[in-house]
Amino acid sequence: VYPLIDYPGVRRNCQIPDAMAYFVVRKKDRDPAYQLASLVDDRLFGIDLIVRGEDLWDSSCAQLYLSSLLPDQPLAGATFFHHPLLKEGNQKLSKSEGALAIRTMRQRGMKKTELYRLAAKHTGVARPVQSLEEFVPAYLDLLEPLSPTHQNPE
């Protein structure tokens, strides 16, 4: 069991689930697997805030375990934010599922205001937003009721 500080500063314990008890750290081609590569990147760049979808809760627990094995435990003080998944219908919005990256949408001519409206739609923000300054408080207000009791899938 490893302590994890999740938004908004709530300390929770995470445990690697049985299905992931023996996760891969080096792939067959000898390259580092995701858990190790992500930890090394976070350590190298001094990352102390990690934002991920709730579907990556198990990965966060695995990386905290790996971090605990290092002398300086680089993720011991990191804050994690596991946000609800963005979905269109039943399919999660992600590049791996074929969703367009923001960069691609911008290259295709989509304006920033349109992106913020789209982000609001997919996150469930009801009030109109046209900028980051409008989106952030609206989204955080939406998450407020979830924060104290929100449980990531294990």
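Note: hydrogens, waters and symmetry copies are ignored here, and every other heavy atom, side chains too, is used. Keep in mind that what you see is a predicted model, and the values were worked out from it rather than measured.
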message: The criterion is side chain to side chain contact (heavy atoms under 4.5 Å, CB included); which residues satisfy it with Ala119, sequence neighbours excluded?
response: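 Phe135.
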
field: Distance (rounded to the nearest 0.5 Å) between Thr79 OG1 and Ile47 CD1
entry: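 Nearest 0.5 Å value for the OG1-CD1 distance: 12.5 Å.
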
- prompt: What's the spacing between Trp57 CH2 and His82 NE2 if we round to 0.5 Å?
  reply: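 Output value for this atom pair is 6.0 Å.
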
query: Checking side chain to side chain contact (heavy atoms under 4.5 Å, CB included) for the pair Leu115/Ile102: CA distance, chi angles, key distance, verdict?
result: CA-CA 8 Å; Leu115 285 171; Ile102 291 172; 3.7 Å; yes

task: Count the heavy atoms belonging to other residues, nucleotides or ligands that lie under 6.0 Å from CG of Leu70, then report whether that count exceeds 12.
output: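 Yes, enclosed.
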
Do [X] and [Y] sit in the same hydrophobic cluster, where Ile, Leu, Val, Met, Phe, Trp and Tyr count as joined when their side-chain heavy atoms come under 4.5 Å apart?
| X | Y | result |
| --- | --- | --- |
| Leu66 | Phe80 | yes |
| Leu140 | Val125 | yes |
| Ile50 | Tyr65 | yes |

message: Considering only residues two or more places apart or on different chains, which pairs with a residue in residues 127-137 satisfy salt bridge (Lys or Arg N to Asp or Glu O under 4.0 Å)?
response: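 Found Arg127-Asp141.
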
Tabulate below the donor-acceptor pairs under 3.5 Å that side-chain atoms of residues 105-113 make, not counting sequence neighbours, or state none.
{"residue": "Arg106", "atom": "NH1", "partner": "Met110", "partner atom": "O", "Å": "2.8"}
{"residue": "Thr113", "atom": "OG1", "partner": "Arg117", "partner atom": "NH2", "Å": "3.4"}

query: Can you name the closest pair of heavy atoms from Val129 and Tyr116 and give their distance?
result: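 Closest heavy-atom pair between Val129 and Tyr116: CG2-O, 3.4 Å.
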
- prompt: With sequence neighbours left out, what residues match Ser59 under side-chain hydrogen bond (donor to acceptor under 3.5 Å, both in side chains)?
  reply: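 side-chain hydrogen bond (donor to acceptor under 3.5 Å, both in side chains) check on Ser59 returns Gln35.
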
Cut-off 3.5 Å, no hydrogens considered: what does the side-chain donor-acceptor table look like for residues 36-43, sequence neighbours left out?
{"residue": "Ser38", "atom": "OG", "partner": "Arg52", "partner atom": "NH2", "Å": "3.3"}
{"residue": "Arg43", "atom": "NE", "partner": "Asp72", "partner atom": "OD2", "Å": "3.2"}
{"residue": "Arg43", "atom": "NH2", "partner": "Asp72", "partner atom": "OD1", "Å": "3.1"}
{"residue": "Arg43", "atom": "NH2", "partner": "Asp72", "partner atom": "OD2", "Å": "3.2"}

List, one per line, each side-chain donor-acceptor pair under 3.5 Å for residues 17-34, sequence neighbours excluded.
{"residue": "Asp29", "atom": "OD1", "partner": "Asp31", "partner atom": "N", "Å": "2.9"}

